[in-house]
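Just so it is clear: chains get the letters A, B, ... in the order the sequence lines come, proteins before strands, and each one is counted from 1.
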Number of protein chains: 2
Amino acid sequence: MTFNLDEFLPYRLNIAATLISRRFAALHQDESGLSIPEWRVMAHLANEGAVSVRDIHKRVNLDKSIVSRAASRLEGAGLLRKSAHKGDRRLISLELTTEGRRLMQRLGRIADAFQAEIRAELGKDAAGFEAGLDRLIARSASGGQP
Amino acid sequence: MTFNLDEFLPYRLNIAATLISRRFAALHQDESGLSIPEWRVMAHLANEGAVSVRDIHKRVNLDKSIVSRAASRLEGAGLLRKSAHKGDRRLISLELTTEGRRLMQRLGRIADAFQAEIRAELGKDAAGFEAGLDRLIARSASGGQP
DNA sequence: TTGACATCATTGCACCTGCAACGATATGTT
DNA sequence: AACATATCGTTGCAGGTGCAATGATGTCAA
């Protein structure tokens, strides 16, 4: 039996992702109270303006049910606004309110600072690490190893 | 607004971990039917022999309630055995059955092959990627940036 | 126009997770 | 010995997640 869990890449990847998420959550939680899905929805809206649930679902890797519920909570918190999409009444337009935009400006700064901190910790391995990350995502997203 | 979610490291890390976990699950699911917690418990037992719930909880980053429930399911499936710990009756000794050991031999081979596949995909970035991963885990586990 | 089929957002449901009790047992102090 | 405190495994419970309906709307072809 040569296999060792501590050296297993999927395991280490999972641990690292969990720890980094916790660290980031600890940084912005007090200020925002956002969960991870809510954070992703807000971050996407901050970049893209008015989009549908389906757009977010596809772009930020969240099940559409999760996007839907997150949007409802965020609407209740006054951070985004839902409106009917002109032309296609199946769609819903989501966009940030002024308050939502203001929050995302602060969170954007926190996020940038945190990313800089991580890159500093990575030091000379930063470039290789990020290149590997992107390669894994690209290879895995397309369904395997084509 | 300069922030972009797609370039945000915690986000990319989370996506990569999820995708890799899915790929690995797809490989061994048919053969084993194990969930991620069950897989971790089994993998640890395969290396360590008889250990307690608390040991696993600390070593493989799972809440003790999750370890406890996973162990019960695995016991029901005939893959591990619970027995009283001599000397300290609060503890429970967990160890693989013959069937469990046999399963882990097959899964160990699958895991090793999968890891080789990932390293091949990473190519020249493999070393930097893994070094970065370990560094992030080490820095984050110790509570921050000491 | 009608009808078959696709797409969108929401909801229901079963499962998993994280956290906080809880009872049982150990340890340490007096 | 007796008590306070700590540790172990289990369980209850609230909340989150993934998946499969569901109903509303859109598209396309005959």
Side-chain angles (χ1 to χ4, degrees), chain A residues 11 14-15 17-19 21-23 25-26 29 32-42 44-45 48 50-77 80-95, chain B residues 11 14-15 17-19 21-26 29 33-42 44-45 48 50-77 80-95:
Chain A
Y11 173 70
N14 195 333
I15 299 294
T18 302
L19 289 174
S21 283
R22 270 203 229 284
R23 281 177 62 182
Q29 198 77 312
S32 71
L34 296 183
S35 69
I36 288 185
E38 290 162 357
W39 152 259
R40 287 192 196 175
V41 169
M42 293 291 288
H44 187 58
L45 287 180
E48 300 296 331
V51 293
S52 70
V53 169
R54 187 71 171 187
D55 289 329
I56 301 184
H57 155 62
K58 294 199 158 182
R59 276 287 280 97
V60 302
N61 290 278
L62 291 174
D63 190 88
K64 53 184 181 164
S65 66
I66 295 182
V67 176
S68 174
R69 288 189 255 247
S72 295
R73 281 192 297 268
L74 293 169
E75 185 187 30
L80 67 77
R81 190 173 28 247
K82 295 184 185 178
S83 58
H85 185 279
K86 310 258 182 187
D88 190 337
R89 283 184 303 182
R90 292 172 305 177
L91 304 184
I92 288 194
S93 281
L94 303 175
E95 56 182 334
Chain B
Y11 172 70
N14 196 333
I15 300 295
T18 302
L19 290 173
S21 283
R22 271 203 228 283
R23 282 177 60 183
F24 180 56
Q29 198 76 312
L34 297 182
S35 69
I36 289 185
E38 289 162 357
W39 153 259
R40 287 193 194 174
V41 168
M42 293 291 288
H44 187 59
L45 287 179
E48 300 296 333
V51 293
S52 70
V53 169
R54 188 73 174 187
D55 288 330
I56 300 183
H57 154 62
K58 296 200 158 182
R59 276 286 280 98
V60 301
N61 290 279
L62 291 175
D63 190 86
K64 55 184 181 165
S65 66
I66 296 181
V67 176
S68 173
R69 288 189 257 245
S72 294
R73 281 191 298 266
L74 293 169
E75 185 187 29
L80 66 76
R81 189 173 28 245
K82 295 183 185 178
S83 57
H85 184 277
K86 311 257 185 188
D88 190 337
R89 283 184 303 180
R90 294 172 305 177
L91 304 183
I92 288 194
S93 282
L94 303 175
E95 57 182 335

Start and end of the DNA chain D segment that chain A contacts, any atom under 4.0 Å from a heavy atom: dT17(D) to dG26(D)
Is His57(B) reaching over with its side chain to a backbone N or O of Leu62(B), donor-acceptor style, under 3.5 angstrom?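 Judged by distance alone, yes, a pair lies under 3.5 Å.
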Distance-only donor-acceptor pairs under 3.5 Å for side chains of residues 32-40 of chain A, two or more places apart:
| unit_1 | atom_1 | unit_2 | atom_2 | d |
| --- | --- | --- | --- | --- |
| Ser32(A) | OG | His28(A) | O | 3.0 |
| Ser32(A) | OG | His28(A) | ND1 | 2.9 |
| Ser32(A) | OG | Leu34(A) | N | 3.1 |
| Ser35(A) | OG | Glu38(A) | N | 3.3 |
| Ser35(A) | OG | Glu38(A) | OE1 | 3.4 |
| Glu38(A) | OE1 | Ser35(A) | N | 2.9 |
| Glu38(A) | OE2 | Arg73(A) | NE | 2.5 |
| Arg40(A) | NH1 | Val60(A) | O | 3.2 |

Side chain to side chain contact (heavy atoms under 4.5 Å, CB included) against [X], all qualifying residues, sequence neighbours excluded:
X        : value
Arg90(B) : Asp88(B)
Thr18(A) : Asn14(A), Arg22(A)
Val53(A) : Lys64(A), Val67(A), Leu94(A)
Ser65(B) : Asp63(B), Arg69(B)

Not counting sequence neighbours, which residues clear salt bridge (charged side-chain N to carboxylate O under 4.0 Å, His left out) with Glu75(B)? List them please. Lys82(B)
Can you build the contact string for nucleotides 1-15 of chain C? Use B for base contact, S for sugar-phosphate-only contact, and - for no protein heavy atom under 4.0 Å. ------BSBBBB---
The criterion is side-chain hydrogen bond (donor to acceptor under 3.5 Å, both in side chains); which residues satisfy it with Arg81(A), sequence neighbours excluded?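 None.
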Pairwise 5' ranking along DNA chain D for Ile36(A) and Gly87(A), keeping only the more 5' one: Ile36(A)
